[in-house]
Amino acid sequence: MVLKWQIVKFNLKETFAIAYGNYTHREALIITLKKHGEKGYGECTSIDYYHINLADFVAILTKIQSQIESQNIEHPTDFYAFLLSLNLPSFLRSALDCAYWDLFGKLEKQSFLALNNIDYNELPESSITISVDTVDNQIKKINQSTWSKFKVKCNHFEESDITRLLQLDKSLALDSNGSFTAAECLSLENYEMISKFTYLEQPMKPGSQNYTALHANHFANWMADEDCQDSSVLKDLVPHYKSVNVKLVKCGGLTPALEMIAKARKLGFKIMIGCMTESTIGISAGAVLAPLCDYADLDGANLIANDMANGSKIFNGKIQLRESPGLGIKLL
């Protein structure tokens, strides 16, 4: 194999405001694995609140490049076992794992869906994110949108805003990125109308000292994001969260995500396939897991102005899976 990488800057169509800050662009590391004329692609994004520094990843790749390039083409699960032996950060491991799945499928002339016997006749519809703003502006954006499912960001608890959102005849979820208190969450989960929200994502700052205040058997469909990094924590979350957000970069790629989804399903969780602000490279990787999930939040590529790839697309929330070999990714 030949390993190459580049750091790219994705400009956002508008400022992306969440509880962690405001962003006008994202930087991403794009991985390319090449063999026999075929190329596989993977992506991970620089996220400050996850302490992700892409320069660190470039330094790591420089050190391990020869080890990766010396690997024989075997099944992706074998390649993933090799990646685990390198003790890589999950974001970088994910980009390499996804690139390998894309390459492997292209070499085998089979899609990821076919390789994993995934039935994709039924797909959840993706939400689009409504950034932190005044509730008036958020409602205006929702009403003007051609999408039908929305994830509304907030950075503090405001009862009147929540009430106004609940009065809309729309499919809404609420994501506070950890900005609520335990007392506020207790109030929400005992309020029957709160069940109108499809889910309420990561209500408090991550950590068991916080999420143990949540009750999965009350009205709120609490969804774990930062509290659910990988499958090792799932059992602990059962009494507190009804749903989990699976993101490839958090758990380390498509290979562990498959295992995580299966384990979460056995434990009774509702499951969402989520994303960071990623190009079509990252979204195409996440999209192949959508048939296994109840919810999708795969709007990342729709938020950037200078996408760099073709692949699976999200059009007004409808997931259009590319059925070509691998993950179906091609650079523009």
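How far CD1 of Ile319 is from CD1 of Ile283: 9.5 Å, rounded to the nearest 0.5 Å.
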Show me the donor-acceptor pairs, under 3.5 Å and distance only, between side chains in residues 55-67 and residues at least two apart or in other chains.
residue : atom : partner : partner atom : Å
Thr62   : OG1  : Val58   : O            : 2.8
Gln65   : NE2  : Leu3    : O            : 3.1
Gln65   : NE2  : Glu69   : OE2          : 3.2

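Under the 4.5 Å side-chain heavy-atom criterion for Ile, Leu, Val, Met, Phe, Trp and Tyr, Leu96 and Leu331 are members of the same hydrophobic cluster. Leu327 and Leu107 fall within the same hydrophobic cluster, defined by Ile, Leu, Val, Met, Phe, Trp and Tyr side-chain heavy atoms under 4.5 Å apart, directly or through other members.
Within the 4.5 Å cutoff, the side chain of His240 has no heavy atoms near those of the Trp222 side chain. Between Gln229 and Tyr50, the closest side-chain pair of non-hydrogen atoms falls below 4.5 Å. Cys185 places none of its side-chain heavy atoms less than 4.5 Å from the side chain of Tyr211. Residues Leu248 and Cys98 have side chains in contact (heavy-atom distance under 4.5 Å, counting atoms from C-beta outward).
The backbone N or O of Met260 sits nowhere less than 3.5 Å from a side-chain atom of Asp230 that would complete a donor-acceptor pair. Although no hydrogens or angles enter the test, the distance criterion places no donor-acceptor pair under 3.5 Å between the side chain of Asn210 and the main chain of Met204. Between the side chain of Asp227 and the backbone N or O of Gly207 there is at least one donor-acceptor pair closer than 3.5 Å. Remark: side-chain polar atoms of Gln202 are paired, donor with acceptor, to backbone N or O of Asp225 under 3.5 angstrom. No donor-acceptor pair under 3.5 Å is formed between the side chain of Asn177 and the backbone N or O of Ile18. Checked by atom type and distance alone, the side chain of Gln138 never pairs as donor or acceptor with a backbone atom of Val152 at under 3.5 Å. Checked by atom type and distance alone, the side chain of Ser243 never pairs as donor or acceptor with a backbone atom of Met223 at under 3.5 Å. Although no hydrogens or angles enter the test, the distance criterion places a donor-acceptor pair under 3.5 Å between the side chain of Ser85 and the main chain of Phe82. Side-chain atoms of Asp307 come within 3.5 Å of backbone atoms of Thr280 as a donor-acceptor pair (strictly under, hydrogens ignored). Put simply, the side chain of Asp102 never gets that close to the backbone of Gly326: no donor and acceptor are under 3.5 Å apart.
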* Quick one: do Asp133 and Lys140 satisfy salt bridge (charged side-chain N to carboxylate O under 4.0 Å, His left out)? Show the steps, please. => CA-CA 11 Å; Asp133 204 336; Lys140 182 179 179 181; over 6 Å; no

* Worked check of salt bridge (charged side-chain N to carboxylate O under 4.0 Å, His left out) between Arg164 and Asp136 -> CA-CA 9 Å; Arg164 288 188 62 190; Asp136 286 333; 2.7 Å; yes

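A perpendicular orientation is assigned to the rings of Phe112 and Trp101, their planes being inclined by more than 60° (bins at 30° and 60°).
In the displayed structure, Lys330 atom NZ is contacted under 6.0 Å by at most 12 heavy atoms of other residues, nucleotides or ligands. Counted within 6.0 Å of OH on Tyr49, heavy atoms from surrounding residues, nucleotides or ligands total more than 12; the atom is thus considered enclosed.
Salt bridge annotation for Lys141-Glu14: present, with a cationic side-chain nitrogen under 4.0 angstrom from a carboxylate oxygen. A salt bridge links Arg265 with Asp294; the closest basic N to acidic carboxylate O contact falls under 4.0 Å.
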